[in-house]
Number of protein chains: 2
Amino acid sequence: MMLREELTKMNERNLQSYPGYALRRAANAMIGDLAKRLEAHGTRVVDATALLLIADNPGTTSSAIGRSLDIQRANMVPLLKRLEDAGLIERKPIDGKSLGLFMTAHGEKQLAEIRATIDAFEAELIARIPAKHRDHLLPALNALWR
Amino acid sequence: MMLREELTKMNERNLQSYPGYALRRAANAMIGDLAKRLEAHGTRVVDATALLLIADNPGTTSSAIGRSLDIQRANMVPLLKRLEDAGLIERKPIDGKSLGLFMTAHGEKQLAEIRATIDAFEAELIARIPAKHRDHLLPALNALWR
DNA sequence: GAATTTTGCTATAGCCTATAACAAAGATGG
DNA sequence: CCATCTTTGTTATAGGCTATAGCAAAATTC
């Protein structure tokens with residue numbers, strides 16, 4: 001039928017030549033996939049990322065995490081509340097106003113599973129890239145935001 | 001001072017080795033930059049993308065655009081309303097239930113400026129990538145979502 | 001010690017996406 | 001030709017993430 005013909009032949013040539021478009025689509029697909037996998041652990045991508053930072057930097061603060069991940073201080077509040085409510089982290093005063101962030105035993109255990117999921121995901125992601133392009137992706141991407 | 005020392009030394013090694021993390025950060029930085037530039041034309045990234053598709057596929061439909069860009073039919077409604085309200089596109093019935101999308105003269109004029117902005121943006125984006133990695137980015141990204 | 005900055009937080013609004021449901025029209029298969 | 005999917009465009013609504021403004025208390029700077 002006519003209309004269907006036109007649709008499947010949708011001209012996307014212009015979009016496909018834009019690296020910016022490919023970057024957006026690839027990132028969206030990637031994030032969506034990872035989010036679905038982390039959901040199985042009751043976690044979100046941002047939460048898992050924050051958790052990784054806290055585990056590697058015991059005693060770090062909400063502000064420091066925010067600066068590192070480019071998350072506004074205000075938006076760190078509900079994020080850390082989720083992690084604390086889930087019993088994954090705890091906050092201990094390190095001076096009169098700052099709160100140090102620390103993993104709980106339960107948090108460490110959960111993170112081990114999360115890490116395994118992320119590592120498997122990253123491995124699959126890399127495997128999807130043709131070998132001859134593989135090693136170029138990370139340096140190319142890093143040039144775009146660092 | 002102690003605390004500051006710790007913050008600037010934040011351990012991010014684990015994150016930095018993840019292509020997925022770099023992909024997310026690069027895409028966010030890129031989208032943010034482009035969004036800011038398109039704002040000067042009173043347009044959003046998604047709207048501009050849809051506009052490009054409509055211009056290259058006169059008479060295409062809301063559903064077809066949505067399928068092509070992975071946007072739900074429901075979410076196409078406000079998007080197309082914005083384009084129509086701005087006088088950039090018009091809708092003409094192509095059968096009893098489908099509406100064909102067409103650029104207006106004003107839309108074509110606006111799109112010319114938007115295209116120039118996007119092209120300049122994409123050129124700068126590519127220029128930021130070290131030459132030896134440059135040609136690998138697009139094929140690597142496309143392998144991740146197509 | 002006064003002025004400035006930082007920290008953690010509340011409240012709120014916006015953008016984009018996801019789901020469910022609906023009526024009308026179109027396509028399909030006997 | 002008729003009954004049964006399927007498609008289209010739409011409303012309504014909720015959720016996730018982000019951005020802004022403002023605030024009090026503490027820390028830092030000069």
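- Every pair passing side chain to side chain donor-acceptor pair (under 3.5 Å) that includes a residue from residues 121-132 of chain A is listed here, sequence neighbours excluded: R37(A)-E124(A).
- When distances run from any side-chain atom of K97(A) to the nucleotides dA25(C), dA26(D), dT10(C), the shortest one goes to dA26(D).
- Residues R24(B) and T49(A) bring a donor and an acceptor atom of their side chains to less than 3.5 Å of each other.
- The CD1-P distance, from I65(A) to dC9(C), rounds to 14 Å in whole Å.
- The CG atom of N28(B) sits 12 Å away from the P atom of dC17(D) (whole-angstrom rounding).
- K36(A) places its NZ atom 17 Å from the P atom of dT17(C), with the value rounded to the nearest Å.
- With distances taken from any side-chain atom of T61(A) to the nucleotides dC15(C), dG8(C), dT8(D), the minimum falls on dG8(C).
- One can place CD of E39(A) at 12 Å from C1' of dG16(D), the figure rounded to the nearest angstrom.
- The listed nucleotides are dG9(D), dC15(C), dC17(D); the one nearest the side chain of R44(B) is dC15(C).
- Rounded to a whole Å, the NZ atom of K81(B) is 14 Å from the P atom of dC15(C).
- On a pure distance criterion of 3.5 Å, a polar donor-acceptor pair joins the side chain of N75(A) and the base of dA19(D).
- Checking V45(A) against R91(B), the closest nucleotide of DNA chain D that is more toward the 5' end is the one next to R91(B).
- Rounded to whole angstrom, the span from the CD1 atom of I94(B) across to the P atom of dG26(C) amounts to 11 Å.
- Atom CD1 in I71(B) sits about 10 Å away from atom P in dA18(C), given to the nearest Å.
- The aromatic rings of Y21(B) and W145(A) sit perpendicular, their planes meeting at an angle over 60°, well past the 30° parallel limit.
- Considering only side-chain N and O atoms, R73(B) lies nowhere under 4.0 angstrom from the phosphate OP1 or OP2 of dT6(D).
- Taking atom CG on L101(B) and atom C1' on dT10(D), their separation rounds to 14 Å, with Å as the unit.
- Dashed line: the shortest gap from a side-chain N or O of S98(A) to OP1 or OP2 of dA27(D) is not under 4.0 Å.
- Using a 4.0 Å heavy-atom cutoff across all strands shown, L99(B) reaches sugar-phosphate atoms only and no base atom.
- Side-chain atoms of T104(B) come within 3.5 Å of backbone N or O of L88(B) as a donor-acceptor pair.
- Between Q72(A) and dA19(D), a side-chain N or O to OP1/OP2 separation shorter than 4.0 Å is present.
- Here dC17(D) is the nucleotide among dT10(C), dA27(D), dC17(D) with the atom lying nearest to any side-chain atom of R82(A).
- In this structure, the side chain of T43(B) engages the main chain of H41(B) through a donor-acceptor pair within 3.5 Å.
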